[in-house]
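First, the structure itself, so that you have it in front of you.
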Amino acid sequence: MKYDYLRIEKKWQDIWDDECIFRAEVEPDKPKFYALIEFPYPSGNGLHVGHARPYTALDILSRKRKREGYNVLFPMGWDAFGLPTENYAIANKVHPADVTRENVAKFKSQCKLLGYSFDWDREINTTEPEYYKWTQWIFLKLFEHGLAYKAKMPVNWCTSCKCVLANEEVVDGVCERCGADVERREKSQWMLKITAYAQKLLDGLKDVDYPERVKLQQENWIGRSEGAEVDFNTDAGDVLKVFTTRPDTLFGATYMVLSPEHPYLKKWSDRLNNYEEICEYARQAAHKSDFERSELNKDKTGVRLDGVSAINPVNNELIPIYVSDYVLMTYGTGAIMAVPGHDTRDWEFAKKFDLPIVEVVAGGDVSIEPYLDTETGTMVNSGFLNGMEVPEAKKAIIERLSELGLGTPMVNYKLRDWVFSRQRYWGEPIPIINCPKCGHVPLREEDLPLVLPDVDSYELTDSGESPLSQIREWVEVECPKCGGPAERETDTMPQWAGSSWYFLRYTDPHNTEELASQKAMDYWMPVDWYNGGMEHTTLHLLYSRFWHHFLYDIGVVSTKEPYKKRTSHGMILGDGGEKMSKSRGNVINPNDIVREYGADTMRLYIMFIGDFEKAAAWSSTAVKGCKRFLDRIWNLYGQLENSEKISKANETEIHKTIKKVTGDIEELKFNTAIASMMSLLNKFQDNGATKGDYSILLQLLNPFAPHITEELWQMLGHDGLLSATPWPAYDEEKTKDERITFAIQVNGKLRSTVELDADSTNDEIVEAAKRDEKVQRFIADKSIVKTIVVPGKLVNLIAK
RNA sequence: GCGGGUAUGGCGGAAUUGGCAGACGCGCCAGACUUAGGAUCUGGUGUUUCACGACGUGCAGGUUCAAGUCCUGUUACCCGCACCA
């Protein structure tokens with residue numbers, strides 16, 4: 001009989017569906033396993049092989065865990081709000097909801113084609129009101145707790161599209177879509193105060209099992225720095241605060257710099273003799289995009305404030321103040337004390353403006369270049385700090401500043417608040433009413449969901465407002481508080497919103513009363529294993545952790561961290577090792593592979609392609625190797641010995657393979673797991689195999705290639721589904737060979753091998769080694785001064 | 001500039017963490033079956049040498065009986081962040 005993969009795969013997919021074998025229910029006395037993949041954005045291109053890699057990996061893990069007796073939750077859904085759908089809708093004059101429906105259907109059928117064991121009863125979609133009701137509810141909670149606020153923010157403004165862009169949409173300083181210049185504009189935006197959770201998000205990393213590189217990337221993104229806030233009095237009679245990580249270098253602070261957006265510039269306008277010049281500089285700085293401001297950093301620019309100076313608190317020296325765009329308003333206090341002797345940027349600036357450069361940590365020659373190796377070192381030119389080591393000086397100066405009331409220890413973070421507004425249609429409406437009298441008034445909970453209204457045109461408005469602002473009958477409402485005329489917020493939420501809590505909804509997706517029941521969340525949460533792409537490490541992963549910490553703080557969820565373990569897969573590249581893209585024409589569609597080789601081959605190859613965590617290039621020829629493997633499995637069926645027993649000849653290899661596959665799946669080493677099953681098949685072909693031998697191989701291969709193995713399992717005459725049989729166990733004793741081939745080295749070089757009983761004594765091994773013909777040639781005229789025996793491995797004879 | 005990572009045959013990649021480098025697969029070579037083969041099966045395949053052997057994990061040193069693995073230095077490439085005080 002021929003291996004008719006298309007017939008077989010359809011047959012078993014229908015059976016799994018009919019028998020609902022992957023449906024998950026709360027079973028309190030069974031250990032649970034919640035496996036999560038990042039739900040996809042259902043784009044018009046359909047599922048591509050890049051999706052198949054992580055989905056197949058966790059499908060394998062889930063199927064295995066299920067057979068090990070775990071109660072497995074492996075759900076799937078759609079992160080369906082977002083720009084591409086909206087743009088497609090604009091271009092083709094269709095409703096984004098219709099586009100979404102079509103794309104979801106396509107994605108779903110593709111997932112089914114690949115035989116994934118998703119529990120489809122728990123399918124969710126972020127664009128459905130039943131779902132986004134709860135996204136809005138969480139927003140209201142954040143608002144209620146002061147973590148959502150509206151603020152004027154500089155935003156990225158595309159001069160051609162006339163709309164606000166997210167940071168991610170600005171690539172190399174230009175608009176990702178149209179290539180036009182992007183400039184900064186002040187705009188009122190909804191913000192989420194993720195900075196309030198900076199320390200918690202940092203601390204939480206200690207309790208989770210994430211790859212080190214993911215933790216490091218999150219730590220760097222949060223960017224905690226310890227230092228001090230120092231007050232500089234000015235001759236204008238007020239106090240200029242700065243943040244510094246190096247208060248010990250205060251004696252070297254020979255000038256100060258304000259960011260062009262610093263409020264003191266305006267405050268001091270009367271005293272500044274060159275206020276016009278300063279304003280002009282600030283205007284130019286504002287016109288520069290972030291990109292320009294950082295790219296064109298070779299040349300430091302700035303203007304001295306003529307009319308105000310600061311007083312260095314440790315030596316009471318009068319020092320000049322400058323404005324320069326190398327100081328950012330968004331970090332620290334927007335003002336710095338400049339220590340040109342020990343900071344590259346300050347040094348460059350001081351050189352250009354001919355400012356004094358003072359060495360305060362001994363070591364370099366600050367007239368030639370800044371001396372930066374100052375984590376340790378001795379203080380000089382620093383008054384009472386002279387002679388102290390750096391760490392000691394840090395303590396001493398903070399103490400002194402505290403006594404003077406001019407400074408306190410301070411921690412700063414690079415993390416900034418989350419810009420939560422989008423002036424777009426296809427997103428969750430923000431459930432706020434703007435009342436001229438009462439300000440921002442939240443919708444009442446019972447008025448949720450605030451349903452996205454239909455609109456005639458999704459085109460953006462000239463003013464950069466959301467298309468929602470065009471629907472006056474939707475916008476104009478009564479204020480829930482005072483009953484007066486008010487307007488709805490017309491901004492929508494970013495795509496990150498729906499994905500920040502979706503894993504909670506999976507635990508109880510049809511609940512109409514709560515985002516999920518306490519019982520369901522208590523049982524299923526936290527997610528045991530979350531796999532996703534490295535590109536989501538700093539945004540999605542951080543955002544969702546933030547929401548979860550918040551939900552924990554208000555008592556909605558019972559764990560601080562949402563994900564116990566996180567792993568990341570590498571990208572799938574095109575045949576030549578380049579990124580797959582339509583323009584290169586190297587995109588592989590999984591449907592084509594399924595049609596030509598079958599889903600089992602597709603699954604097997606995508607796992608065999610290489611190290612799961614690293615990028616891998618697709619190879620059209622290598623796919624065939626996996627098909628060949630399945631063909632050979634299929635063909636072996638006709639040559640089996642009719643015995644249910646495990647054959648003696650294969651027993652050791654079988655136990656070794658069970659051990660290898662069992663362990664490798666848990667470590668995501670799918671490529672070597674498959675290699676070991678290929679080896680076992682080779683063994684079977686050499687030695688012959690019984691039905692018992694063969695059954696074990698089918699059981700191991702089942703999570704990887706679930707369809708063909710079910711079919712062969714049935715052909716063998718077994719009752720019931722293979723997918724429901726227990727995972728095979730191995731006997732450690734039986735993984736050990738009775739005979740072992742020992743390597744024999746002379747002076748560390750391999751000269752021969754000898755096969756001996758595994759329980760041979762060291763003496764016996766050494767004797768056998770010395771007797772070996774080839775070895776004799778190398779030791780004949782020498783005496784052996786030392787022998788080293790590595791049990792079960794090798795002998796090394798040291799001869800002189 | 002800062003942070004992280006990678007480097008092994010013609011190719012994708014293995015190597016129980018210091019113990020036979022190149023598992024497994026692709027490709028290639030030879031043979032078998034065949035009217036035919038881009039199907040299948042069998043054998044071979046790191047380089048070099050007629051052979052014994054010698055050499056071989058980006059490069060240069062070192063530690064060790066023994067190094068792809070540990071240490072020091074160095075180069076190239078990839079990813080993330082980037083004037084963060």
Side-chain angles (χ1 to χ4, degrees), chain A residues 211-217 219-221 223-225 227 242-246 249 253 257 259 290-291 293-298 300 324-328 330-339 342-346 348-349 372 412-416 534-535 537-538 570-571 577 604-605 608-611 613-626 628-629 631-632 635 656 659-660 663 669 671-682 685 741-753 774 777 785-799:
Chain A
E212 208 47 43
R213 59 186 173 143
V214 171
K215 285 192 186 183
L216 278 168
Q217 217 171 299
E219 277 166 18
N220 290 342
W221 189 262
R224 178 192 157 100
S225 312
V242 301
F243 171 72
T244 175
T245 55
R246 297 302 301 270
T249 62
V257 187
S259 131
D290 262 354
F291 179 69
R293 237 167 114 164
S294 55
E295 272 303 296
L296 306 175
N297 66 358
K298 297 121 207 164
K300 292 275 177 293
S324 173
D325 63 6
Y326 86 84
V327 174
L328 308 174
T330 46
Y331 184 78
T333 63
I336 61 158
M337 64 178 216
V339 183
H342 306 283
D343 180 279
T344 311
R345 297 151 299 169
D346 297 346
E348 284 169 0
F349 191 87
L372 303 171
N412 247 301
Y413 302 90
K414 283 190 211 169
L415 187 69
R416 295 177 202 175
M534 277 307 283
E535 69 274 19
T537 300
T538 45
M571 222 195 302
L604 208 55
Y605 177 62
F608 188 61
I609 195 166
D611 186 332
E613 301 198 317
K614 292 194 198 123
W618 183 270
S619 158
S620 306
T621 51
V623 186
K624 291 181 190 154
C626 291
R628 245 173 249 167
F629 170 60
D631 283 336
R632 292 199 293 137
N635 293 333
K656 276 186 184 173
K659 183 179 179 180
K660 178 80 179 151
K669 288 160 82 174
N671 52 340
T672 51
I674 293 166
S676 73
M677 290 187 283
M678 288 174 168
S679 294
L680 186 63
L681 176 67
N682 293 343
Q685 292 191 319
T741 304
F742 284 86
I744 309 172
Q745 298 179 337
V746 178
N747 294 334
K749 291 200 168 176
L750 180 71
R751 295 302 179 189
S752 186
T753 57
K774 287 186 207 148
R777 284 212 294 274
V785 294
K786 196 176 174 187
T787 61
I788 293 144
V789 178
V790 181
K793 296 266 185 221
L794 59 68
V795 190
N796 190 3
L797 305 173
I798 311 304

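A, B, ... follow the sequence lines: proteins, then strands. Residue 1 opens every chain.
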Could you give the distance separating B:U42 and B:C24 at their P atoms, to the nearest angstrom?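 Nearest-Å result for B:C24 against B:U42 at atom P: 14 Å.
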
Do you know the tightest heavy-atom contact between A:Leu604 and A:Ile674?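 The answer is O-CD1, 3.5 Å.
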
Rounded P spacing from B:A23 to B:G43 in Å: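 Between the two P atoms, the distance is 15 Å.
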
Have a look at A:Asp611 and say if it touches a base, only the backbone sugar-phosphate, or nothing, with a 4.0 Å heavy-atom cut-off.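 The answer is sugar-phosphate, as A:Asp611 gets under 4.0 Å only of primed atoms, P, OP1 or OP2.
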
Specify whether A:Phe243 and A:Tyr331 have parallel, tilted or perpendicular ring planes, treating 30° as the upper limit for parallel and 60° as the lower limit for perpendicular.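 A:Phe243 vs A:Tyr331 ring planes: perpendicular.
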
Whole angstrom value for the distance that separates P of B:A82 from OH of A:Tyr331: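 About 14 Å, once rounded to whole Å.
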
Would one find a side-chain N or O of A:Ser225 under 4.0 angstrom from OP1 or OP2 of B:A85?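 Affirmative; the distance criterion is met.
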
So which nucleotide does B:A66 pair with, by the Watson-Crick or G-U wobble rule with both distances under 3.5 Å?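 With both distances under 3.5 Å required, B:A66 matches none.
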
If the cut-off is 4.0 Å, is A:Arg777 near the phosphate of B:G53, judged by side-chain N/O to OP1 or OP2?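 Checking B:G53 against A:Arg777, a side-chain N or O does come within under 4.0 Å of OP1 or OP2.
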
Minimum-distance nucleotide to A:Lys749 side chain [options: B:A15, B:C55, B:C20]: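 The closest nucleotide is B:C55.
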
Between B:U6 and B:A66 - C1' atom distance, rounded Å: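 It comes out at 26 Å once rounded to the nearest Å.
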
Pairing partner (Watson-Crick or G-U wobble, both distances under 3.5 angstrom) of B:A14: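 In the structure as shown, B:A14 has no Watson-Crick or wobble partner.
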
According to a strict under-4.0 Å criterion, is A:Arg628 in side-chain N/O contact with OP1 or OP2 of B:U40?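 For B:U40, OP1 or OP2 has a side-chain N or O of A:Arg628 closer than 4.0 Å.
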
Quantified in whole Å, what is the P atom distance between nucleotide B:A82 and nucleotide B:A60?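 Comparing P positions in B:A82 and B:A60 gives a spacing of 38 Å.
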
Going by purine N1 to pyrimidine N3 plus the second Watson-Crick contact, or the G-U wobble pair, all under 3.5 Å, which nucleotide sits opposite B:C41?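 WC or wobble partner is B:G31.
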
Can you find a donor-acceptor N/O pair under 3.5 angstrom joining the side chain of A:Lys300 to the base of B:C83?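 Under the 3.5 Å cut-off, the side chain and the base do form a donor-acceptor pair.
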
NA contact type, A:Asn682, heavy-atom cut-off 4.0 Å: base, sugar-phosphate, or nothing?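 The residue A:Asn682 makes sugar-phosphate contact but no base contact.
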
Which nucleotide, B:G4, B:A85, B:C65, lies nearest any side-chain atom of A:Lys786?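 Nearest to the side chain of A:Lys786 among the choices is B:C65.
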
Determine the Euclidean distance between corresponding C1' atoms of B:U35 and B:G53; express it in Å to zero decimal places.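 It comes out at 49 Å once rounded to the nearest Å.
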
Base partner of B:A76, which must satisfy Watson-Crick or wobble distances under 3.5 Å: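 In the structure as shown, B:A76 has B:U6 as its Watson-Crick or wobble partner.
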
Rounded off to whole Å, could you give me the CG-to-P distance for the A:Asp631 and B:G25 pair?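 Going from CG in A:Asp631 over to P in B:G25 covers 14 Å.
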
Counting side-chain heavy atoms from C-beta on, which of B:C20, B:U6, B:A85 comes nearest to A:Ile336?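 Of B:C20, B:U6, B:A85, B:A85 is nearest to the side chain of A:Ile336.
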
What's the spacing between A:Lys300 NZ and A:Thr344 OG1 if we round to 0.5 Å?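 Output value for this atom pair is 9.0 Å.
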
What is the distance, to the nearest angstrom, from the CE atom on A:Met678 to the P atom on B:G12?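 So the two atoms are 17 Å apart, to the nearest Å.
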
Nearest-0.5 Å distance that lies between atom OG1 in A:Thr753 and atom NZ in A:Lys774: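 Between atom OG1 of A:Thr753 and atom NZ of A:Lys774 there are 6.5 Å.
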
Has A:Asn747 got a side-chain N or O lying under 4.0 Å from the OP1 or OP2 atom of B:A66?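 For A:Asn747, the contact criterion (side-chain N or O under 4.0 Å from OP1 or OP2 of B:A66) is not met.
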
Of the listed nucleotides B:G4, B:A23, B:G19, the one nearest the side chain of A:Ala675: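 The answer is B:A23, which lies nearest to the side chain.
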
Taking pairing as Watson-Crick or G-U wobble with both contacts under 3.5 Å, can you name the mate of B:C55, or confirm there isn't one?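 Per the H-bond distance test, B:G46.
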
Smallest separation among heavy atoms of A:Asp346 and A:Tyr326, with atom names: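 Heavy atoms of A:Asp346 and A:Tyr326 come nearest at OD1-OH, 2.7 Å.
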
Regarding A:Lys669, tell me which of base, sugar-phosphate or nothing describes its non-hydrogen contacts under 4.0 Å with the strands shown.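 Sugar-phosphate, backbone atoms only, no base.
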
Nearest whole Å is fine: how far is B:G19 C1' from A:Ile788 CD1?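 Taking atom C1' of B:G19 as the reference, CD1 of A:Ile788 is at 10 Å.
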
Among B:A54, B:A14, B:C20, which nucleotide sits nearest the side chain of A:Arg751?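 Minimum distance to the A:Arg751 side chain belongs to B:A54.
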
Can you check the distance between B:U74 and B:A30, where both ends of the measurement are the P atom (answer in whole Å)?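 Between the two P atoms, the distance is 49 Å.
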
Just to be sure I understand the rule, does A:Thr621 reach a base, reach only the sugar-phosphate, or reach nothing, if contact means heavy atoms closer than 4.0 Å?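 Sugar-phosphate contact only - A:Thr621 comes under 4.0 Å of backbone atoms but never of a base.
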
Judged by each residue's nearest nucleotide on RNA chain B, which is more toward the 5′ side, A:Arg213 or A:Lys624?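 The answer here is A:Arg213.
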
Chi-based syn or anti call at B:G38, which uses purine or pyrimidine torsion atoms and a 90° bound: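 For B:G38, whose glycosidic angle is more than 90° from 0, the conformation is anti.
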
Nearest-Å distance once atom P is located in both B:U48 and B:C11: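 About 15 Å, rounded to a whole number of Å.
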
Tell me which nucleotide among B:A66, B:C83, B:C20 gets nearest to the side chain of A:Ala743.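 The nucleotide sitting nearest to the side chain is B:C20.
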
A:Arg632 side chain N/O closer than 4.0 Å to the phosphate oxygens (OP1, OP2) of B:U40?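 Answer is no, no contact under 4.0 Å.
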
With heavy-atom distances below 4.5 Å as the criterion, would you say the side chains of A:Arg246 and A:Val339 are in contact?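 They are not in contact (no side-chain heavy atoms under 4.5 Å apart), so the answer is no.
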
For B:U49, decide between syn and anti, treating a glycosidic angle within 90° of 0 as syn.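 Anti, since the glycosidic angle lies more than 90° from 0.
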
Residue A:Lys614, side-chain heavy atoms: nucleotide from B:A85, B:A23, B:U6 that is nearest: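 Nearest nucleotide to the side chain: B:U6.
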
Does A:Met571 CE have over 12 foreign heavy atoms under 6.0 Å away?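 Result for CE/A:Met571: open.
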
From C-beta outward on A:Asn671, which listed nucleotide comes closest to its side chain: B:G13, B:U40, B:G19?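 Between B:G13, B:U40, B:G19, the one nearest the side chain of A:Asn671 would be B:G13.
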
Could you tell me the Watson-Crick or G-U partner of B:C83, where both distances fall under 3.5 Å? Say none if there is no partner.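 Answer to the pairing question: none, since B:C83 forms no Watson-Crick or G-U pair.
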
Distance in Å, A:Arg751 CZ paired with A:Leu797 CG, rounded so as to fall on 0.5 Å steps: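 One finds 11.5 Å between CZ of A:Arg751 and CG of A:Leu797.
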
Span that lies between the C1' atom of B:G18 and that of B:G12, in whole angstrom: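 Approximately 27 Å lies between the C1' atom of B:G12 and that of B:G18.
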
Which is more 5' along RNA chain B, the nucleotide nearest A:Tyr413 or the one nearest A:Gly625? Just name the residue.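 Comparing both residues, the 5'-ward one is A:Gly625.
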
Would you indicate which nucleotide in B:A66, B:G12, B:G3 comes nearest to any side-chain atom of A:Asn220?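 Between B:A66, B:G12, B:G3, the one nearest the side chain of A:Asn220 would be B:G3.
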
